[in-house]
Protein chains: 2
Amino acid sequence: MPSKKRVTVMRDVAKLAGVSHQTVSRVLNEHPNVKQETRTRVLEAMQSLNYRRNLAARTLVTRRSHTLGLIGFETTLFGPASMLHGIEDAARTAGYLVSIATVRNLERGEVLDAVDRLSQHAVDGIIAIAPKPAVTNGLLQAPAGLYCVAVGGAGDPDAVPTVRIDNAAGSRAATRHLLELGHRTVHHVGGPHDWPEAQERVQGWRDTLYEAGAPVPPVGFGSWNAEWGHRQGQELARDPGVTAIFCANDRIALGVLRALHEAGRRVPEEVSVVGFDDMPDSGYFLPPLTTVRQDFAEMGRRSLTLLLEHMAGGEDAGPPAHIVVSPELVVRGSTAPPPSR
Amino acid sequence: MPSKKRVTVMRDVAKLAGVSHQTVSRVLNEHPNVKQETRTRVLEAMQSLNYRRNLAARTLVTRRSHTLGLIGFETTLFGPASMLHGIEDAARTAGYLVSIATVRNLERGEVLDAVDRLSQHAVDGIIAIAPKPAVTNGLLQAPAGLYCVAVGGAGDPDAVPTVRIDNAAGSRAATRHLLELGHRTVHHVGGPHDWPEAQERVQGWRDTLYEAGAPVPPVGFGSWNAEWGHRQGQELARDPGVTAIFCANDRIALGVLRALHEAGRRVPEEVSVVGFDDMPDSGYFLPPLTTVRQDFAEMGRRSLTLLLEHMAGGEDAGPPAHIVVSPELVVRGSTAPPPSR
DNA sequence: ATTCCACTTGTTAGCGTTCACAATTTGAAG
DNA sequence: CTTCAAATTGTGAACGCTAACAAGTGGAAT
């Protein structure tokens with residue numbers, strides 16, 4: 001029996017370096033008061049024994065796991081997936097691992113369950129992709145001392161820190177762009193009516209039309225996908241007065257483009273179309289889509305920063321902070337002046 | 001000072017239930033030999049104290065964290081993101097949490113680093129999205145006792161268990177479909193030349209042409225995105241002999257569609273196009289894309305099953321198992337018989 | 001009754017780390 | 001040479017849990 005002890009632990013390193021285990025710990029945690037010479041001796045010992053510290057033991061005593069939790073929804077889509085990526089990227093450089101807990105829907109129960117799973121695993125903080133208030137509210141049930149941040153959506157601003165995009169500004173930019181091209185008004189295909197993001201986009205669009213004195217057409221609310229865009233597009237295509245359509249996201253826009261094409265209405269010559277998000281290949285739609293770009297990854301990174309600040313600030317850190325990032329209009333081939341009559 | 005002990009631990013539960021802490025542990029771990037009566041008493045105590053067990057302590061002694069690691073690449077794209085989702089979904093029902101470690105590239109160093117991060121956090125196993133051999137090879141450096149599975153790509157079949165798609169079968173189906181429609185031959189726009197998946201797709205396509213006695217046009221290798229598809233599409237559009245194009249994925253197909261459109265070649269009347277993947281909105285391209293569907297989420301789930309089996313099997317479990325899932329051809333509007341001359 | 005075994009519970013000792021404190025060494029100042 | 005504070009190191013005790021064994025039940029078999 002050659003191997004009695006399978007892994008090397010702090011004690012082994014200590015013995016080899018001729019110091020106590022506590023000194024090894026100090027080296028590991030970069031405690032200032034360690035003589036340079038012993039430090040290198042310990043480091044060499046660690047190297048030669050290929051020592052890796054046992055994080056479970058460390059977590060047990062410090063109550064910090066150096067793991068962050070992510071509550072995600074529809075992480076299969078580009079937006080959430082990119083946020084996840086941004087979060088993980090920033091977390092890694094900050095020395096954290098990210099554990100994920102996806103929720104199947106945005107009901108309270110699912111969210112509470114996710115919080116519970118993560119907190120059992122002793123995550124130090126939670127970032128939630130929270131497109132609906134239920135998620136933010138669920139976060140409030142997190143045990144005291146577990147810091148939470150909501151990204152990408154809705155939530156009581158007094159409750160948790162949030163990172164969100166200025167949806168209204170985005171749709172204002174899109175709508176203004178179309179009006180400036182000379183369109184009499186702009187139609188809108190909305191997202192799901194119970195998503196705050198969808199509402200905010202409507203708001204910015206409506207306000208802009210109103211301010212410009214343009215008529216405000218009725219909005220249809222549906223979902224975020226191309227199928228919905230296609231359906232609404234078919235309807236709008238029938239109305240010859242429609243010359244500009246602003247869609248709540250790029251997928252909807254894709255469906256609208258197809259509907260217009262099927263109806264024989266040319267884009268952008270007869271009808272202009274604008275999306276929202278700027279997905280990876282929106283620039284290769286037919287025609288290339290003018291859209292409002294969101295930097296999801298950046299939002300993810302910012303939310304991580306916010307979480308770390310929140311954690312550092314402690315319990316007594318005043319009202320929650322908020323970050324609002326600005327989207328950017330990307331003009332491509334799907335928009336043009338209206339046909340001259 | 002009301003709160004001396006902040007959280008309730010096993011001892012508190014034990015005291016309230018009038019048993020020893022070990023009995024509480026037994027209840028928690030569903031040990032068979034606990035009297036029904038005491039079990040309920042303990043459960044009630046846990047409930048009333050809102051007890052949550054400390055997983056770090058459990059991990060410390062059992063050496064099992066009930067956490068799985070995922071090494072991901074380009075998790076922002078639909079395929080990887082869906083796999084991640086499938087994995088997380090299956091992991092949750094199996095009682096595991098998933099921690100992610102994304103790699104910026106597929107170099108050996110990055111992969112080793114990811115393995116290291118995960119193993120430090122004491123994950124019980126690792127699933128790696130491994131489109132290139134470097135990842136699988138990196139997995140071999142994982143400490144003994146840490147089980148690994150590779151999903152979605154390449155790798156030495158003797159090394160680790162894998163889940164992969166039958167790429168060749170997919171492209172055979174696509175190519176056959178086009179030939180059966182009456183096309184004289186089928187052109188192919190390849191993915192990156194150093195991705196085994198891209199190679200396999202070429203293989204299936206080439207074999208099918210060969211068997212059918214059709215001429216085998218040269219292949220261009222590039223990348224996985226629409227921009228590449230657009231570039232190749234422009235070239236192919238110039239050649240009037242091209243009537244059928246099979247693309248290595250849907251994004252490439254999108255670029256090809258645009259190039260053909262710009263060149264005034266109608267799809268599917270003049271040229272048929274087929275993709276690979278079946279992304280969410282491929283059915284809304286112009287025209288709706290015929291493509292080869294991969295069920296990424298299912299692959300994720302399967303890989304988790306495989307990992308758990310591998311873990312249960314222990315060290316002595318013979319050669320690694322492999323799962324190959326079959327893709328499915330989805331016929332839509334982008335394919336039709338060639339124009340009759 | 002006695003014996004034995006299965007069932008149920010309790011006791012003790014770690015798991016590998018950090019924390020709090022004690023002990024020692026060092027170096028500069030008196 | 002003494003003194004004291006700072007720098008450096010070591011010692012024991014947690015952290016909350018499970019493993020291993022011990023010990024106490026009860027009932028069936030002897």
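Lettering follows sequence order; numbering is per chain, from 1. Keep in mind that this is a model prediction, so the values were computed, not measured.
Taking only side-chain atoms of A:Asn33, from C-beta outward, the nucleotide of D:dC15, D:dT18, D:dT8 with the closest atom is D:dT8. In this structure, of D:dT18, D:dA7, C:dG16, it is C:dG16 that holds the atom nearest to the side chain of A:Leu60. Among the nucleotides C:dT18, C:dG16, D:dC17, the one closest to any side-chain atom of B:Val9 is D:dC17.
Nucleotide D:dT8 holds its P atom 14 Å from the CZ atom of A:Arg41, rounded to whole Å. Protein atom CZ of A:Arg58 is 17 Å distant from nucleotide atom C1' of D:dA14, rounded to whole Å. For the pair B:Glu37 CD and C:dC7 C1', the computed distance is 15 Å after rounding to whole Å. Counting to the nearest Å, the P atom of C:dT18 and the NE2 atom of A:His31 are 12 Å from each other. Put simply, CG on B:Leu28 is 10 Å from C1' on D:dC17, counting in whole angstrom units. Going from atom CD of B:Glu30 over to atom C1' of D:dT18 covers 15 Å, rounded to whole Å. Atom CZ in A:Arg39 sits roughly 13 Å away from atom C1' in D:dT9 (whole-Å rounding). Here the C1' atom of nucleotide D:dG16 and the CG atom of B:Asp12 are 11 Å apart, to the nearest Å.
Residues that satisfy the ring pair (Phe, Tyr, Trp, His ring centres under 6.0 Å) test with A:His66, not counting sequence neighbours, are A:Tyr96. By the side-chain contact (heavy atoms from CB on, under 4.5 Å) test, B:Thr305 pairs with B:Glu309, sequence neighbours left out. In this structure, the side-chain contact (heavy atoms from CB on, under 4.5 Å) partners of B:Val324, at least two apart in sequence or on a different chain, are B:Arg164, B:Asp166. Contacts of A:Ala90 classified as side-chain contact (heavy atoms from CB on, under 4.5 Å), with partners at least two apart in sequence or in another chain: A:Arg301, A:Leu304.
Under the salt bridge (charged side-chain N to carboxylate O under 4.0 Å, His left out) criterion, the residue pairs touching residues 50-71 of chain B are A:Asp116-B:Arg52, with sequence neighbours excluded.
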Donor-acceptor pairs are to be reported for all side-chain atoms of residues 71-78 of chain B against protein atoms at under 3.5 Å, with residues two or more places apart or in another chain.
residue, atom, partner, partner atom, Å
B:Thr76, OG1, A:Ser82, OG, 2.8

Please table the atom pairs, donor to acceptor, closer than 3.5 Å between any side-chain atom in residues 102-109 of chain B and protein atoms at least two apart or in another chain.
residue, atom, partner, partner atom, Å
B:Thr102, OG1, A:Glu88, OE1, 2.5
B:Thr102, OG1, A:Arg92, NH2, 3.4
B:Arg104, NH1, A:Asp89, OD1, 3.0
B:Asn105, OD1, B:Glu107, N, 2.8

All N/O donor-acceptor pairs, side-chain side in residues 37-46 of chain A, below 3.5 Å, sequence neighbours left out:
residue, atom, partner, partner atom, Å
A:Thr38, OG1, A:Lys35, O, 2.8
A:Thr40, OG1, A:Glu37, O, 2.8
A:Arg41, NH1, A:Ala17, O, 2.5

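At a threshold of 4.0 angstrom between heavy atoms, the contacts of A:Thr59 with the nucleic acid are absent.
Counting heavy atoms from C-beta on, the side chains of A:Ile126 and A:Val149 never come closer than 4.5 Å. In this structure, B:Ser99 and B:Leu70 have side chains that are not in contact, with every pair of non-hydrogen atoms separated by 4.5 Å or more. At a threshold of 4.5 Å between non-hydrogen side-chain atoms, the residues A:Ile87 and A:Leu84 do not count as touching. Side-chain contact check for B:Thr8 versus B:Asn50: every heavy-atom pair is 4.5 Å or farther apart. Contact annotation: the side chain of A:Glu197 approaches that of A:Ile165 to within less than 4.5 Å [non-hydrogen atoms, C-beta and beyond].
DNA chain D is contacted by B:Tyr51, B:Arg53 of residues 42-53 of chain B, taking any non-hydrogen atom closer than 4.0 Å. Of the residues in residues 13-26 of chain A, A:His21, A:Gln22, A:Ser25 come within less than 4.0 Å of DNA chain C through at least one heavy atom, sorted by number.
Distance alone, capped at 3.5 Å, places no donor-acceptor pair between the A:Asn29 side chain and the A:Arg26 backbone. In this structure a side-chain-to-backbone donor-acceptor pair under 3.5 Å is missing from B:Asp124 to B:Leu68.
Contact check, A:Asn54 against C:dC15: no side-chain N or O comes under 4.0 Å of OP1 or OP2. Applying the 4.0 Å criterion to OP1 and OP2 of D:dC15, one finds that A:Thr62 has every side-chain N and O outside that range. A close approach under 4.0 Å does not occur between any side-chain nitrogen or oxygen of B:Arg64 and OP1 or OP2 of D:dT18.
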Below 3.5 Å between N/O atoms, which protein atoms pair up with nucleotides 26-28 of chain C? Just atom names and distances, please.
none

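Between the two ends of the helix from C:dA1-D:dT30 to C:dG30-D:dC1, each summarised by a five-pair axis, the helix axis turns through 50° (rounded to 10 degrees).
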